[in-house]
Participant: 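One structure follows; several queries about it will come next.
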Amino acid sequence: MIWWRGGTVGAVRRRWRGAVELDVRVGDRDVRALAYPALVGEPEPGDRVLLNVGALEMGLGTGGYALVVALPDRLPADPPGSLDRTSGHAVKARYTPLQPIVLAVEEEASPHHEVVAAATSLDGLPVVTADLHSAVPAILAGILADRPDARVAYLMTDGGALPAWFSRTLDALSELLAGVVTVGQAFGGDLEATTLHSGLLAARHVLRADVAVVAQGPGNLGTGTAWGFSGVATGEAVNAAAVLGGRPIGSLRISEADPRPRHGGVSHHSLTAYGKVALAAADLVLPDALPEHLAAGVERALAPLRERHRVVTVPVAGLDGALRALPVKLSTMGRDLDADHTYFVASAAAGRHAAALLPAPGETAG
């Protein structure tokens with residue numbers, strides 16, 4: 001189940017928040033590897049490393065790296081406060097060889113424990129849900145295009161990558177986000193939460209977010225079957241936002257470039273998550289400038305969802321410029337903004353709708 005290799009660090013390449021990229025010599029070849037210093041320590045040239053190379057050898061899309069499991073000759077020190085639990089005792093990626101122990105925002109040792117324990121409502125917080133991690137920067141662009149003052153929190157669920165550190169996108173967006181909350185088995189955010197529900201409450205009451213965006217981390221497990229994809233959790237996020245008194249907004253996965261019929265027009269992922277899993281009503285956002293050859297099919301696909309949800313058409317003027325101004329290169333399934341323009345504009349339109357629900361600057365909600 002794990003493809004083990006041993007190697008030697010040849011060079012330390014680029015780094016971003018929480019991760020460092022390496023060249024590692026394995027046998028007679030060099031491989032690109034990724035280490036999370038918080039888990040394994042700081043690798044240096046000459047270090048012997050143990051690697052998991054499964055995703056790299058199989059050529060998985062999000063894989064791309066051998067992953068450093070340990071620096072066996074130079075183990076990191078124990079974390080401070082670990083014995084008295086002041087550093088937390090919430091275990092994530094539980095019962096795996098690299099399970100991290102973190103301080104959850106709800107724990108008694110957390111400085112935010114009393115705030116989260118007392119929180120009962122999102123107070124109408126707009127919560128934008130999306131299937132793919134690639135939608136997150138586009139949604140953010142749509143929010144900030146109209147409300148550059150908005151505080152936006154990202155909640156990373158555990159359907160894709162578990163470490164938030166894997167995402168170079170989050171590193172590039174760090175100055176634009178109020179914070180990242182990693183929920184469930186995901187870890188490495190500015191705040192750790194046990195569940196999406198408590199994570200949403202922390203976003204609202206600890207990070208003081210005006211808008212929350214919920215999506216899985218990088219990577220997406222899909223099997224080509226009706227129910228076997230990690231994006232099913234998008235519908236559960238709608239339910240969580242609604243039960244806590246938030247305002248769920250569904251970002252639709254719409255593409256005119258995806259060659260797979262199940263993802264052409266409105267992806268079956270969106271239709272299943274919002275049409276069958278989400279039991280609460282959401283605003284499902286359509287951009288007002290869909291290509292003509294796509295529009296009729298999208299309307300037909302969404303017709304059954306109108307029984308439960310509100311389908312909202314949002315103008316997209318100016319969103320292309322907002323997307324191009326982002327400090328991160330947009331990419332979904334290997335396609336950039338120009339190659340799958342509709343997908344990114346539809347995501348940005350969901351962000352614009354969330355911004356439109358906010359009180360005007362200087363006003364208070366309600």
Participant: Does one side chain, of S267 or S270, offer a donor that lies under 3.5 Å from an acceptor on the other?
Facilitator: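 Short answer, no.
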Participant: Judged by modelled atom types alone, do S255 and D340 share a side-chain donor-acceptor pair under 3.5 Å?
Facilitator: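 Yes, a side-chain donor-acceptor pair sits under 3.5 Å.
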Participant: Would you please say whether a donor-acceptor pair under 3.5 Å links the side chains of E256 and H293?
Facilitator: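 Looking only at side-chain atoms, H293 and E256 do form a donor-acceptor pair, the distance falling under 3.5 Å.
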Participant: Should K92 and E192 count as an ion pair when the cut-off is N to O under 4.0 Å?
Facilitator: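 Salt bridge flag = yes for E192 with K92.
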Participant: For a quick test of reading the model, state the closest non-hydrogen atom pair linking L244 to H197 and the distance between them.
Facilitator: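 Shortest heavy-atom separation between L244 and H197 comes out as CD1-O, 3.4 Å.
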Participant: Below 30° counts as parallel, above 60° as perpendicular, anything between as tilted: where do the rings of H269 and F229 land?
Facilitator: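 Ring orientation, 0 to 90° scale: parallel.
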Participant: Find the distance between CD1 (I143) and CG (D149) and round it off to the nearest 0.5 Å.
Facilitator: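 Interatomic distance, I143 CD1 to D149 CG, rounded to 0.5 Å: 11.5 Å.
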Participant: Do T194 and V183 have side-chain heavy atoms sitting under 4.5 Å apart?
Facilitator: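 No, too far: nothing below the 4.5 Å cut-off.
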Participant: Less than 4.0 Å between a side-chain N and a carboxylate O, is that true for R14 and D171?
Facilitator: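 Here D171 does not pair with R14 in a salt bridge, since their nearest N and O are not under 4.0 Å apart.
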Participant: Among F166, W165, Y65, exactly one meets ring pair (Phe, Tyr, Trp, His ring centres under 6.0 Å) together with Y36. Which residue is that?
Facilitator: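 Going through F166, W165, Y65 one by one, the ring pair (Phe, Tyr, Trp, His ring centres under 6.0 Å) with Y36 is satisfied by W165 alone.
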Participant: Scan side-chain atoms only and decide if H113 and E106 contain a donor-acceptor pair under the 3.5 Å cut-off.
Facilitator: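 No donor-acceptor contact under 3.5 Å links the two side chains.
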Participant: If you measure only the distance, is there a donor-acceptor pair under 3.5 Å linking the side chains of S167 and H133?
Facilitator: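 On atom types as modelled, these side chains qualify, holding a pair under 3.5 Å.
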